[in-house]
Amino acid sequence: MVRYIDPQKCIGCRACEVACQRVHDGISNVTVYIVEEAELNIPYACRHCENAPCVSVCPTGAMHREDLGAVVVNPVLCIGCRMCQVVCPFGIPVFDRKLKVMTKCDLCINRLKEGLRPACVSTCPTGATYLAEEAEALGMKRELGVRKIVEAVTKAKELGGLEGVVTSKG
Amino acid sequence: MRQTPRDRVKVVCPFCSTGCSLYIRTVNGGYAGIEYFEEGINEGSLCPKPNDLSFLNSSDRLRKPLRRTEYGFKEISWSEALEEIASRIRSIQDGFGPDAIAFLVSVKIFNEEAYTVQKLARLLGTNNLDHECRRLCQFPTIIAAKQMLGVGSLTGTFQDIAESEVIVLWGMNAAETFPVLMGKYVMRAKEFGAKIIVIDPVKTETAWKADLWIPVRPGTDLALANSIMNVLINEDLYDRSFVRTRTEGFEELARIVSRYPPEEASRITGVPPYLIREAAHIMASTGKGSLIWSSGLIHNAQATNTCRALYSLAALLGWYGKEGTCVGGFKGQNNVEGLVHMGVAPSAFPGGVPLNDEDGRKRLARLWGVEDLPATPGKNVVKLYESIDSKSLRMLYVIGANPAVSEPNSEYVVEHLKKLDFLVVQDIFLTETARLADIVLPAAAWAEKEGSFTSIERRVQWSFKALSPPGEAMPDLKIFVALAKRLGLEKHFPATTPEEVLNEIREAVPGLYGGVTPERLKGSPKGILVPCPDPKHPGTRILCKDRFKTHSGKLKLMTSDHSPLKAEEYPLILVTTKTVGVWLTNAITREARYLAERWNAPVVLVNGSTASRLGLSDGSEAIIETKVGRMKVRIRVTSRVREDTVVLPWHWGANRLTDESLRDPDSGVPALKQVPCKLVPSER
């Protein structure tokens with residue numbers, strides 16, 4: 001399962017931030033950026049990269065991938081060298097001043113193990129943050145795309161102008 | 001110590017009126033977070049507020065009854081507190097009559113508690129009974145709806161909003177005020193191709209998701225609604241068959257709206273004519289649509305007339321009586337619909353029975369073991385303060401309300417509360433209002449007791465007890481019953497548990513709640529939609545299916561002319577708004593750390609060109625000045641608002657700026673979103 005985000009659905013309520021903070025002892029690993037010029041809200045969190053630079057660069061093996069796909073810090077092994085912070089292209093890992101170790105989104109690994117979804121996903125009122133298999137996520141997008149083409153072609157037919165031919169390339 | 005296995009108990013969210021359910025997790029009987037309940041109408045989702053309920057554990061919770069002394073508050077026993085309240089009630093009743101006492105009731109207490117306290121007030125001989133939501137958010141809608149449709153509730157449900165092909169959100173920023181409704185129902189409709197129209201002077205988060213945003217000048221919605229109707233009639237786009245068979249008063253309506261062609265309305269509303277036409281065309285494209293509004297539409301000086309126009313507009317579109325339609329005003333608090341049904345009102349008994357309906361009144365009187373009930377209308381919230389001046393009101397019993405912050409012109413309100421002979425405040429925290437009280441009673445929070453709430457879509461749901469109250473705090477129901485006993489009214493209150501009271505409610509309001517048994521309610525994860533007259537009845541999704549509840553059975557079309565406020569010396573209009581992470585007067589949410597650290601100070605939204613004209617830059621400080629007050633605020637420069645409008649969340653004391661005298665004449669609702677103001681740079 002992959003956690004996807006759909007900024008077009010996000011209403012900027014920040015429920016994910018509060019939920020994350022509640023289950024992570026006061027630290028929120030997701031931030032909603034409100035971009036007024038674009039009229040978009042972006043829930044921003046770890047991508048749990050397949051080839052995660054943070055895992056490759058970690059000298060102690062603290063940063064590792066769990067079976068369920070989550071890239072997670074083991075605080076016992078972490079030495080706080082911040083190398084993960086240096087290499088992360090998304091600016092995700094942060095230094096936990098209290099525990100003196102790195103910390104980041106763990107995809108709510110404890111919840112996943114209990115069969116629950118990550119807190120940010122469970123709480124999201126709009127489904128802007130959601131958990132899905134790749135095929136399922138793409139299926140949803142493609143269905144929407146198909147519906148839009150149907151609408152466009154129908155409209156074109158109504159107007160009688162176009163011939164209703166849609167090609168994949170010009 | 002090892003933790004015991006984590007237990008969880010299902011509750012209904014205590015914040016807005018959407019009616020979301022969730023689990024509260026407990027460890028060793030204490031609050032230990034929440035879990036998502038997937039079978040409710042929210043399908044697990046929650047907005048930020050219930051994600052941090054740590055206010056339940058706050059060390060500031062009230063634990064003991066308090067008495068004001070010259071050295072501050074002193075803890076007293078329940079017995080002393082109740083005895084003092086009972087004896088003051090008796091002496092004020094004897095000296096000045098029962099109408100010298102009034103009850104201001106929380107919109108967050110259970111139906112069973114609301115029913116019990118209104119019964120107590122009435123058995124004391126007064127109808128002085130009101131709740132703030134009536135005057136601050138719902139009354140204009142109810143007046144208009146009762147008059148025109150015969151029922152005051154939403155005509156459809158959230159499901160119908162989701163099935164609509166056009167959704168109009170008018171003065172309603174659902175993304176912040178009803179996030180789950182927005183996410184689960186409005187956005188779902190949009191995904192299936194519905195067109196969304198948002199009418200709001202502010203380009204809100206909700207407007208970002210709209211197909212059409214109409215930036216109306218604050219307080220001119222009536223002219224806009226008239227103009228949309230003008231287009232529908234002029235271009236023959238209205239539902240002729242619905243208008244002919246199910247409405248009356250079309251000729252008069254058509255005559256009035258003929259004065260509002262888009263070009264004329266544009267002058268009043270600041271909305272370009274093409275946008276008015278486009279809105280009308282989109283609305284007229286379907287007979288399956290929803291027209292919903294909220295306090296953005298209500299807080300102006302012609303609120304009731306505006307609601308009338310909106311009910312008429314929906315009628316021209318034929319948006320009544322079928323699935324996929326929902327029309328009405330959204331009231332904010334979680335049990336506001338329930339309080340209306342329970343008769344917490346100065347002018348109606350439970351079930352909306354008018355005070356002068358002798359049969360209905362006597363029937364209730366018999367049920368309560370007396371001969372008759374008071375039939376003279378009580379004082380409403382607006383009249384409360386005037387009657388304190390005239391000494392006709394001596395005692396106020398405030399239950400979970402915070403008028404010192406929520407009512408317009410805070411200074412005026414506080415001054416008046418101080419003049420009372422006796423003020424009792426029952427709450428979970430020592431609020432701004434509680435600090436003025438003679439006796440403070442510690443109440444249990446909703447999760448520390450059980451009972452039913454009725455959400456805005458008329459959905460009754462049971463909320464279970466998850467926790468024990470702190471210290472000696474008691475459920476409101478227990479407090480009312482104990483007080484009734486002290487007053488010697490014990491025999492009229494045979495029902496003392498939530499279940500027993502609900503069964504009495506079923507007798508008192510049979511048409512609505514007859515089939516709402518405690519057992520059935522506890523076993524229904526999504527609750528029951530009222531009206532539900534008998535235990536076999538499935539509940540009612542659509543109101544007014546075949547006929548309206550008016551005398552003729554038809555919807556009475558009504559509208560009126562726009563009447564402008566007289567010009568003031570103030571160049572800008574202040575609109576006070578709500579923020580997603582704060583609840584109303586912030587008495588609860590400021591006690592929840594993760595909410596308080598995000599939403600902690602007001603920022604005023606100012607249009608870029610207005611800001612540069614006034615020499616204000618983003619992040620600078622400025623003073624908002626109105627007829628009644630001044631307030632220092634930080635500026636956020638934005639393109640979200642009109643040039644003539646500034647927007648300020650009210651949770652942090654903005655009511656020191658609002659004017660208690662500027663009100664809608666029909667309902668008494670204050671014009672909190674239409675306050676003439678000016679903005680001046682802050683002196684160093």
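Per chain, numbering begins at 1; letters A, B, ... match sequence-line order.
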Using heavy-atom distances under 4.5 Å, tell me whether [X] contacts chain B through its side chain, its backbone, both, or neither.
{"X": "A/K148", "result": "neither"}
{"X": "A/L144", "result": "side chain"}
{"X": "A/A119", "result": "both"}
{"X": "A/C124", "result": "backbone"}
{"X": "A/C10", "result": "backbone"}
{"X": "A/E37", "result": "neither"}

Answer yes or no: does atom CZ of A/R142 have more than 12 heavy-atom neighbours from other residues, nucleotides or ligands under 6.0 Å?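 No.
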Does atom CZ of A/R111 have more than 12 heavy-atom neighbours, drawn from other residues, nucleotides or ligands, at distances under 6.0 Å?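 Yes, the 6.0 Å shell around CZ holds more than 12 heavy atoms from other groups.
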Given the options B/I34, B/L22, B/T206, B/V186, which has more heavy-atom pairs under 4.5 Å with chain A than any of the others?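 When all of B/I34, B/L22, B/T206, B/V186 are compared, B/I34 has the most.
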Engaged part of [X] at the chain A interface, taking heavy atoms whose separation is under 4.5 Å:
{"X": "B/R593", "value": "side chain"}
{"X": "B/K209", "value": "side chain"}
{"X": "B/K49", "value": "neither"}
{"X": "B/L181", "value": "neither"}
{"X": "B/E191", "value": "both"}
{"X": "B/T638", "value": "both"}
{"X": "B/S639", "value": "both"}

Would you say the ring centroid of B/Y23 lies under 6.0 angstrom from that of B/Y36?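 That pair fails the under 6.0 Å test.
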[Y] backbone acceptor or donor facing [X] side chain under 3.5 Å:
{"X": "B/D52", "Y": "B/P48", "answer": "no"}
{"X": "A/T154", "Y": "A/V150", "answer": "yes"}
{"X": "B/D211", "Y": "B/I196", "answer": "yes"}

Please report the shortest heavy-atom distance between A/F95 and A/Q85, naming the atom on each side. N-NE2, 4.2 Å
In terms of side-chain heavy atoms, does B/E205 have a donor or acceptor partner in A/N41 at a distance below 3.5 Å? yes
